[in-house]
Amino acid sequence: MVPTTSTAVDEAIDRYGGLEQPGGRDLEALAALAALVCGVPNAAINLITRDHQHQIATAGIDPSVCGREDSMCAVVLDEPEPVISPDARLDPRFATNPFVSGVIDTVRFYASAPLVTPDGTTIGRLCVFDVEPHELATERAKVLSIVAARVVDVLELRLRTRQLEQSQHELRRSNELLTLFAGQVSHDLRSPLTAVLANAELLATEPAVVADAGAAELVQATIKAGHRMAALIDTILAYATVGTELRRAPVSLQEVLTHVVADLAPVIAARSAEVRWESLPEVLAGAEQLYAVLLNLVSNAVKFTPADRAPEVRVTAEPLDGGWIVAVSDNGPGFPAAGRDSIFDLHARGDRSVEGFGIGLATARRAVEAHGGAIGIDDAPGGGSRVWFTLPAPG
């Protein structure tokens, strides 16, 4: 790793489009994974420019921007290894920082790992933090470094995708890179996550935990969160693997939607949203890819509904020529007809004031087309948008 300069860092961040593109579910999932394995509620992927710190994806907090002079990560930007501060009040590097002193926040535990590009430029840090002091085991600090490396992989893949999507040959190469990324993530992230789950499940059998209802509940919550994170990793890898090994079988659309709503519960509750559906059929599909499609469509319907109204999302299915047309309707602002043909392109964004419409809808289209179906968007009855897709029926 080479020492950073403001010019080199700003040029690298600009090359990645890191401040222009939404964080996306892939980076959000990596931030959430970092928080999970470190046992804290908050994490942020911070890109640090000449003048500012930009949180491009977060877990537990909303992304924000602050001056570089206030950034804790900027203080240790050139540290090549993970930085761990169990109590930042006692760390001379951070004791007077406004995020510690109470001027901005009251951070106590802080840990971070560098985001280093392939040419050795440090463009920021992946950090985890809490308002309570903590210790962090060495093996978990190593996992934090692994996740930080995967963040840079995502940025690299986005960059290469933009560069390679001009021709069919370049698109095929992009898919190969994405598939390689999927294998790398599976190897580097699943193994540590499996170890965390195994330890948590072992802890659940300890007599002291069994005898303490509160402790048992916390351990079970950790186990459930770990399994959800494993499923979320599957979701963020869907774009890389969709259509490559499609295994279709009869799948209950209603059961998949139930899982989606459960996993989106915090988002739905935060917006006081209502997600409604009636009896939904079985379709012939890959369950994981169908989950990814519905997760993207339902979460977008909630996110893009204006703040002045509670989101109302309705999922329906109607028979269509030996298959089904499934629709996700909302009461949001709708989408202009002129942009509907391109909204499913990779990194297309329907509303730059709201994070989203990046890789998610492109993933949905690839998954639906891999099943031989089609996807589109039109006006919902009574206003809002209606995103529909078709899938074959079993039999």
Same hydrophobic cluster for Val100 and Leu77, using side-chain heavy-atom links shorter than 4.5 Å among ILVMFWY?
-> no
Would a 4.5 Å heavy-atom cut-off, applied to side chains only, mark Leu391 and Leu290 as touching?
-> yes
Verify, without hydrogens or angle tests, whether Arg271 (side chain) and Arg309 (backbone) share a donor-acceptor contact under 3.5 angstrom.
-> yes
Thinking salt bridges, do Asp378 and Arg386 make one under a 4.0 Å N-O criterion?
-> yes
Does a donor on one side chain and an acceptor on the other come within less than 3.5 Å for Asp87 and Tyr110?
-> no
Apply the test side chain to side chain contact (heavy atoms under 4.5 Å, CB included) to residues Arg93 and Val76: give CA-CA distance (whole Å), side-chain angles for both, the deciding distance (0.1 Å), then the verdict.
-> CA-CA 8 Å; Arg93 295 171 296 184; Val76 293; 4.0 Å; yes
Look at the side chain of Gln55 and the backbone N and O of Ala44, then say whether any donor-acceptor pair between them is shorter than 3.5 Å.
-> no
Going by heavy atoms in the side chains, are Ile325 and Phe389 under 4.5 Å from each other?
-> no
Among Val261, Asp330, Leu264, Val328, find the one that has a side-chain contact (heavy atoms from CB on, under 4.5 Å) with Val275.
-> Val261
Distance-only polar pair, side chains of Glu282 and Ser252, donor-acceptor under 3.5 Å = no
Which heavy-atom pair separates Ser329 from Ala380 by the least distance, and what is that distance?
-> CB-CB, 4.0 Å
Rounded to the nearest 0.5 Å, how far apart are OG of Ser299 and CZ of Phe304?
-> 8.5 Å
Taking all non-hydrogen atoms of both residues, which atom of Val293 and which atom of Ala367 are closest, and how far apart?
-> CG2-CB, 3.6 Å
Does a donor on one side chain sit under 3.5 Å from an acceptor on the other, for Thr121 and Asp119?
-> yes
Between Val116 and Val152, is any pair of side-chain heavy atoms under 4.5 Å apart?
-> no
Do Trp388 and Val368 share a hydrophobic cluster, counting only Ile, Leu, Val, Met, Phe, Trp and Tyr and linking them when any side-chain heavy atoms are less than 4.5 Å apart?
-> no
Just do the side chain to side chain contact (heavy atoms under 4.5 Å, CB included) check on Leu257 and Val298 with the steps written out, would you?
-> CA-CA 9 Å; Leu257 180 59; Val298 174; 4.1 Å; yes
Verify same cluster id: Ile123, Ile56 (apolar side-chain graph, 4.5 Å) = yes
Do Glu156 and Pro118 have side chains that get closer than 4.5 Å, going by heavy atoms?
-> yes
For Ala310 and Ser272 the tightest heavy-atom approach is CB-O, 3.5 Å
Candidate pair Ser112 and Leu126, rule side chain to side chain contact (heavy atoms under 4.5 Å, CB included), full reasoning = CA-CA 5 Å; Ser112 68; Leu126 167 64; over 6 Å; no
Just wondering, do Thr58 and Ile45 contact through their side chains at under 4.5 Å, heavy atoms?
-> no
Please tell me if the side chains of Leu253 and Leu294 come closer than 4.5 Å, counting only heavy atoms from C-beta onward.
-> yes
Under 3.5 Å: donor-acceptor pair, side chain of Arg68, backbone of Thr49 | yes
Pairwise distance CG(Asp212) to CD(Glu217) - rounded to 0.5 angstrom | 10.5 Å
CD of Glu274: more than 12 outside heavy atoms within 6.0 angstrom?
-> yes
Give, for atom OG1 of Thr106 and atom CZ of Phe99, the distance between the pair rounded to the nearest 0.5 Å.
-> 11.5 Å
List the atom of Pro306, the atom of Pro333, and the distance in Å for their closest heavy-atom pair.
-> CD-CD, 3.6 Å
Polar side-chain atom of Asn331 near backbone of Glu312 as donor-acceptor pair, under 3.5 Å = yes
Within 6.0 angstrom of Glu201 CD, more than 12 heavy atoms from elsewhere = yes
For the pair Thr96 and Ser101, evaluate side chain to side chain contact (heavy atoms under 4.5 Å, CB included) and give the outcome as yes or no after the intermediate values.
-> CA-CA 6 Å; Thr96 61; Ser101 65; over 6 Å; no
Considering only heavy atoms from C-beta outward, does the side chain of Pro392 approach that of Val283 to under 4.5 Å?
-> no
Euclidean distance, Arg150 CZ relative to Leu157 CG, rounded to 0.5 Å = 10.0 Å
Are the side chain of Arg248 and the backbone N or O of His371 linked by a donor-acceptor pair below 3.5 Å?
-> yes
Thr7 to Arg50 - nearest heavy-atom pair and separation = OG1-NH2, 3.8 Å
Could you grab the distance from atom CG of Leu155 to atom CG of Leu115, nearest 0.5 Å is fine?
-> 7.5 Å
Treat each ILVMFWY residue as a node, draw an edge where side-chain heavy atoms are under 4.5 Å apart, and state whether Trp277 and Val387 are in one component.
-> yes
Does Val147 share a hydrophobic cluster with Val83, counting links as ILVMFWY side-chain heavy atoms below 4.5 Å and allowing steps through other members?
-> no
Keeping the roles fixed (side chain from Thr258, backbone from Gln254), state whether a donor-acceptor pair exists under 3.5 Å.
-> yes
Side-chain (Asp70) to main-chain (Cys66) donor-acceptor, under 3.5 angstrom | no
Here the pair of heavy atoms bringing Val315 nearest to Leu280 is O-CD2, 4.0 Å
Report the C-alpha separation of Glu11 and Arg15 in whole Å, then their side-chain angles, then the decisive distance to 0.1 Å, and conclude whether the salt bridge (Lys or Arg N to Asp or Glu O under 4.0 Å) test is met.
-> CA-CA 6 Å; Glu11 288 177 351; Arg15 184 171 66 253; over 6 Å; no
From Lys303 atom NZ to Asn296 atom CG, the distance as rounded to the nearest 0.5 Å = 8.0 Å
Is any side-chain heavy atom of Trp324 closer than 4.5 Å to a side-chain heavy atom of Pro319?
-> yes
For atom CZ of Arg314, decide whether the heavy atoms of other residues, nucleotides or ligands shown that lie under 6.0 angstrom number more than 12.
-> no
Ser71 and side-chain hydrogen bond (donor to acceptor under 3.5 Å, both in side chains): which partner among His54, Arg125, His52, Gln53?
-> Gln53
